[in-house]
Every structure is written in structure tokens, then in C-alpha cells.
K.L.:
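Have a look at the structure that comes next, please.
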There are 2 protein chains.
Amino acid sequence: MSSVRTVPTLDDVARKAGVSTATVSRCLNSPERVVERTRTKVMRAVEDLGYTPNFGAKVMAAKRTFTIGAIIPTMENAIFARGLQAFQEELHARGYTLLVSSTSYRPEIEAEQVRALVARGADGLLLIGYARHPDLYRYLRQREIPTLLAWAFLPGADQPCIGFDNRRSMQALANKVIAMGHRDIAMISGIVEGNDRAEGRRQGIIDALLENGMDPAAMPIIETPYDIDNGAEAFEQLLRGGTRPTVVMCGNDVLAAGAMRRARELGISVPDDISITGFDDIELARILTPSLTTVHVPHREMGRRAAAELVRMVEHESKGQPEQLDSSIMLRDSLKRIP
Amino acid sequence: MSSVRTVPTLDDVARKAGVSTATVSRCLNSPERVVERTRTKVMRAVEDLGYTPNFGAKVMAAKRTFTIGAIIPTMENAIFARGLQAFQEELHARGYTLLVSSTSYRPEIEAEQVRALVARGADGLLLIGYARHPDLYRYLRQREIPTLLAWAFLPGADQPCIGFDNRRSMQALANKVIAMGHRDIAMISGIVEGNDRAEGRRQGIIDALLENGMDPAAMPIIETPYDIDNGAEAFEQLLRGGTRPTVVMCGNDVLAAGAMRRARELGISVPDDISITGFDDIELARILTPSLTTVHVPHREMGRRAAAELVRMVEHESKGQPEQLDSSIMLRDSLKRIP
DNA sequence: GAATCAAATGTAAGCGCTTACAGTACGGGT
DNA sequence: ACCCGTACTGTAAGCGCTTACATTTGATTC
């Protein structure tokens, strides 16, 4: 059908320029090793033919790709988007290309994507959180793929990671909430199974309760996927059960936004009738009415540092330095002091 | 330093299983062509060695990658995130892997990413909008890379595209606004240069003004990057100039959210003192107080259809069928009728 | 038990590139 | 005129895989 004008190869360029393939290759990869006159001749041929090197062949021969892969649970969440954007910008500045894929929070898809990226020659990998099957870690180690975990910091983890301590951060917020007089606390949590961040956040609240001599078992918890509508639904469900809590602490800002929306729909005033808190401090938090009390996480900073460290790992300048970032509590209007 | 335990190859597997490389290859790619007994023997060897095929070599030999590339302006915008998530899910269901990269709205980076993805053997490409340098289109055509443009629909464009007519959609919204009695309209637009979506939306408002015998030149327009803070800034700037508009139409929901935040900060009531509209209908729109009047775009639907069509193109079952989706106006609380 | 033929497997030629090593050209010292 | 060293450039061997084609195997038939 279509004219089978085949894609030009190194060979075509060499022939057209009247030199060997080695010379063309050198022109492209280490121009200083070839004399001016030859180089311009070759470059002309490259232009004329519209030649672009075949990446697969290149990788196979050279064993380096200058590609970093990142695998995130979902692209829909602003948290990852932010950090990843910074990650990508930093990588680009260092001459690396970022390839992203997502897993919809499904471990088996993550494993698949890891293999896909490794097979495609990724020099290094960025993964979210530390909870995953040992086999996957074993695979990565065997392949000697530098891997950095982000969005989590587990003191003493054996994988290099960069992030913050989800548990401690949430504990700090819960302590604040308690200090403001709240005793009837409820929580809307993300799905904990296979998600160390969600798990850490839930534990953080429990830690705070214990610390203050309260009973964690008495706290109503609803576990639901991260999603606005789910937040709304969970909030309503929480209200149906027995005594109304004075505060609903949410596993992230998105859930909190859903809860606030439903509160409004039900004619319940935040924070006068009930307080609500979030986690992440995405832009949403400042836009909501009332503005959302939450835990601020330095996403961009994390993305940037992750890129720097991962490149160092790939270039064998570091074995992976764990790095803990600070989170901070953003007190805003959605949380009210109880008399 | 580290034991140089080299990565296992097809050859290693073949040797270990006592068969030829061809047989191993067949076991992996068309298992039905090899007898049960041999297959299990080979699979065992694969397991034992932890073998994963080298993608580069595979591509080079087979010329197919089952990889689709998508290049978006930014990951930070929920619009693309949504559609892309659906795109990825659909692709995954069809056995393709999606690789994403972003450009920060910079054309030269886009060109670079296109080449990176093509070099890596992407079977097909998803690009956003149609405005880009002819050279890039030429390159794609020469390489015979099936390319689908999304998030835009230009009647009569020569590239296959899937999306909606930004201009008509915004025109419809503006007509509605005018029908509700507004005469003093101002606009906060995204950067138009090199962004056909932003351009279309601006033109749409102008079309509506002309249609209603109003003077487009009299409409204040502020052009600013898509970003909440910029929306806020632009809103304030708009108020400083002469007569206060009765409505501010924004190029997207994010800008509108910024405008609403600033309005609240300035003690201006929406919609009593001033109306505000957006575009895209991201989740934000329903959460804002007051809820945002905007144009609804079926992002997920678009992502899903784009995946289906692009796969058809890659598999030579379609040459690229342009597809126009419908948008609709979501009338909500941020827009008020003027007496 | 020989002949036949389909199914299973093996052989080996690339795919497009990099790079160790070999070859060539040329200027300068003796 | 000869020898050397230096600076380029060419030759050719892979890199790990797929696949056309050749060969072997083994079930089936007469």
C-alpha cells in the first residue's frame, strides 16, 4: 500500500556521507574525536536523511539509556502529579528522560510495569512507598537496578527512600486536634491493604489516642478508596452511627473535600457543627470553604531531591542515601477549638 | 566490587533447559507451538534464572513493542490526569503499555519527547491539541508512526483527532451568560501562544459577543499561565481596571478557582457581586463554594475512545477516524441572572 | 515394518548500533 | 630518505532476540 520508504539507518548515513558506520557513530556520540571536515559531511547526511538513531539497538550495544522510570499508583491524584512534575524537570536538567506509568493501586500491575520499564532499559526506578512483595525487591536487586522509594520514610528500612514519616506526621496532627479539646474523633482512611502511607496515617492517629489515654477501639474508622465521592459517602455513613464525632480526620485532602461537600449538602456546618482535617496540603485545601486544616508535605522538594539522588545512584556516586523531609501542620478554618 | 553476576539471556535459558534459543523464544511468544513437556522444562529454567527478555533486542528483532506513548503539557492538571488514567486502563486491557511524558507547555521539549518515545519504539503516539511545528508532523509521517491528537477537535484538520470543539463549547457558555443578562464580561485566559485549546476558548467568547452585537474589543482579557495563584492574581488585576465586570469567564476551572479564592479574600461575594465561570468541569467545580458553572467535558470517555482508536490505527485497522465528543454546560451557583 | 506427513525443534542469518583493534596518512626528527 | 608518533578512520565482532528454513521426531496408515 504505502510506499515502503524504510527508516534510515546508520548504514544509510555512512554510505551517503562516504564514510564508515564507526565514523558516523563517533560523530554522533563523541564529535571531538572526528575531524571538522568529516563531521560536517556526516551531519549533512544525517539531516538530509532525517536520521534518528534506533534506541533499541543503541541500548543493546551501549548498555546505557539515560532513562528513568517512575511508577505511581495513579495519575489522578494531585499529590503524585506535583512531585512527579518536579522530578521530571530535575531529571531533564540532568539529561535524563522520565517515563511514567501507573498501577491503579494494583500490586500485580506494579510488578508488570516494573518489568516493562526494566526491560526497556530504565537505568533507575522511582517507586512509591515501601510495601511490596519481596520477590519484586529481589528481582530489582538481581538486575542491579538502582531503585528509590519516595513518598514514605520508614526509619530503618533497607531500601533507600525519600519522604516523610506518614505516621508521625498524622500523630502530630491528631495531638493538635486533641489539644484543641476534641474527644470524639472519627476517621476516614484510605484502603490500608498494601498501602503503607494509608496504614501509617491511621496508626498515627491511634498513637496519639494512646498517648493521651484514650481508647483507639472506640474510634469509628471507615476505610474507602481515595476519591471525592467516597469521602462524601463515608462522611454520611459516619454520621449515621451513634454519637456524632466532633471531628472527622481524613487520610488525605481529597477525602476531606468529599466529606466537606457532603456536610454542606446535609446542612451541617463546618467547623461549627463538626471539624474536618485532611492530609497532603494540595491546592484544594486552601480553596475549600472553609479552608482545610491539613498536614503540609513538600511534594516538589521531594520530587527534586529524589531526582538528584536517583541520578547519583545510577551514576554510582551514591548507594542511596535515605532522606527524611519535614512535614508541618497547616492550621486553617476547618478545625475549631472545643470549649 | 559487587559480584558481576550477569543478567541471564535467552541463551542461558536454552542451555539450562537443554534446548535451542528458538524453542525458548517460542515458549515465551507462542507457547502453543511447543509441546507441553518441553514447555514446562523451559519455563522452569526461566523461573530458576529469573530471566526477563531484553526489550531492546526484542524490538530490534521483532519490530513491535506494544507500547504507546503519550505526551501531555503537564501532569499537574487534573484534566489530563483523568483522561490519561482512562486511556491507560483501556490500553492495558488491550495488552499495550503506556509511557507518559510531559513538556511543561514547551514545544521544543515536546519535539524532544516525541523523538525519545519514537526511538524507544513506541508503536503509536497520543498528543494533545493540534498546534505544533509542521516539521514534527513531517517526522511522524516519515516514520509512519500512528498519531492521534486528543483534547481538541478541529473540523477539517488533516490529523486524526478526538475531542470536542473548544471554541463552540465556550461560545455556547458565553451565549448562556449573555442570555442571563450579563453585558460587562471579562475573561481570564490561559496562554494562547502555541495552545489551540486556550485560543479556541477565547475565540468562542468573542464569537458570542459578535453574535449578540457586542464589541469584543471592549472585553478586558488577562492572559496568564494555568495555575490557581495566577487566577487569583488576574482576578484582582481585572477589578483594578475601570468598571467592574458583572461576570468573569475563565479559560478553565483552575483559573476560576483562583479567582473565587481571591474574591473571597477581597470580601467580594460570588455570585451576588460578581459571577464566575470555568471550563472542564473537574471535580473541583462541584466542591467550590459556591459551586462553579462550567463546561463539562467527558475526559474519561475521551481517554477510553482515544485508546481504542489508537490501537486500531497501530494495528492497521483504521487510518484514524476523527471523533467529536459533546460537551455540555453545567449551570451551578457561581453564575447569577442579572435583573 | 516401511512409508508418509504433520508437528516439534534446531540452525543460523540478521535487526542497527558501539567499540576494540587495525590500518592509513602525514608531519617532523635524524 | 627513513622511521616514529600522532591523529583519524575503517573493519568487524558482538549485544540478545526473532524467524525463515532445514532437520528431526513420532504418530499414523497400509
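Side-chain atoms are counted along with the backbone in the values below, which use heavy atoms only and exclude waters and symmetry mates. Residue numbers begin at 1 in each chain, while the letters A, B, ... track the order of the sequences.
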K.L.:
Considering only heavy atoms, which members of residues 36-48 of chain B lie under 4.0 Å from some atom of DNA chain C?
P.N.:
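Residues of residues 36-48 of chain B that come under 4.0 Å of DNA chain C are, in numerical order, B:Thr38.
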K.L.:
Indicate every side-chain donor-acceptor pair of residues 88-100 of chain A with a distance under 3.5 Å to a residue at least two apart or in another chain.
P.N.:
residue, atom, partner, partner atom, Å
A:Gln88, NE2, B:Ser102, O, 2.4
A:Gln88, NE2, B:Ser102, OG, 2.9
A:Glu89, OE2, A:Gln85, NE2, 3.3
A:Glu90, OE2, A:Arg94, NE, 3.2
A:Glu90, OE2, A:Arg94, NH2, 3.1
A:His92, NE2, B:Glu112, OE2, 2.7
A:Tyr96, OH, A:Arg64, NH2, 3.0
A:Tyr96, OH, A:Glu315, OE2, 2.8

K.L.:
When you compare the side chain of B:Thr103 with that of B:Ile72, does any pair of heavy atoms fall below 4.5 Å?
P.N.:
no
K.L.:
In chain order, what residues pass the salt bridge (charged side-chain N to carboxylate O under 4.0 Å, His left out) check against A:Arg305, with sequence neighbours excluded?
P.N.:
A:Glu301, A:Glu323
K.L.:
Check the distance between C:dC21's C1' and A:Arg33's CZ and give it to me in whole angstrom.
P.N.:
12 Å
K.L.:
Side chain to side chain donor-acceptor pair (under 3.5 Å), that's the test. Do A:Thr52 and B:Arg143 meet it? Break it down for me.
P.N.:
CA-CA 10 Å; A:Thr52 332; B:Arg143 276 291 196 288; 2.6 Å; yes
K.L.:
Taking side chain as C-beta onward, heavy atoms only, is A:Tyr130 less than 4.5 Å from A:Cys161?
P.N.:
no
K.L.:
Side-chain contact, heavy-atom cut-off 4.5 Å: B:Ile71 with B:Ile128?
P.N.:
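The answer is no, as the side chains (C-beta and beyond) never meet within the 4.5 Å cut-off.
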K.L.:
According to the ring-ring contact (aromatic ring centres under 6.0 Å, His included) rule, which pairs have a member within residues 70-89 of chain B, sequence neighbours left out?
P.N.:
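Sorted pair list: B:Phe80-B:Trp151.
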K.L.:
Go through it in stages, so that I can follow the logic: the residues are B:Arg44 and B:Glu47, the test is salt bridge (Lys or Arg N to Asp or Glu O under 4.0 Å), and I'd like the CA-CA distance, side-chain angles, deciding distance and then a yes or no.
P.N.:
CA-CA 5 Å; B:Arg44 264 216 53 154; B:Glu47 286 298 320; over 6 Å; no
K.L.:
Hunt down any stem DNA chain C takes part in, defined as 3 or more consecutive Watson-Crick or G-U pairs whose two distances are each under 3.5 Å.
P.N.:
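Correct response: C:1-30 with D:1-30.
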K.L.:
Could you please spell out the steps behind the side chain to side chain donor-acceptor pair (under 3.5 Å) verdict for A:Asp123 and A:Thr65?
P.N.:
CA-CA 6 Å; A:Asp123 289 337; A:Thr65 65; 3.1 Å; yes
K.L.:
Find the distance between CG (A:Leu10) and CZ (A:Arg15) and round it off to the nearest 0.5 Å.
P.N.:
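It is 11.0 Å, given to the nearest 0.5 Å.
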K.L.:
Indicate for each nucleotide in nucleotides 14-19 of chain D, in 5' to 3' sequence, whether protein heavy atoms under 4.0 Å reach the base (B), only the sugar-phosphate (S), or nothing (-).
P.N.:
BBBBBB
K.L.:
Answer with base, sugar-phosphate or nothing: what part of the nucleic acid does A:Val59 contact at a heavy-atom distance below 4.0 Å?
P.N.:
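No contact.
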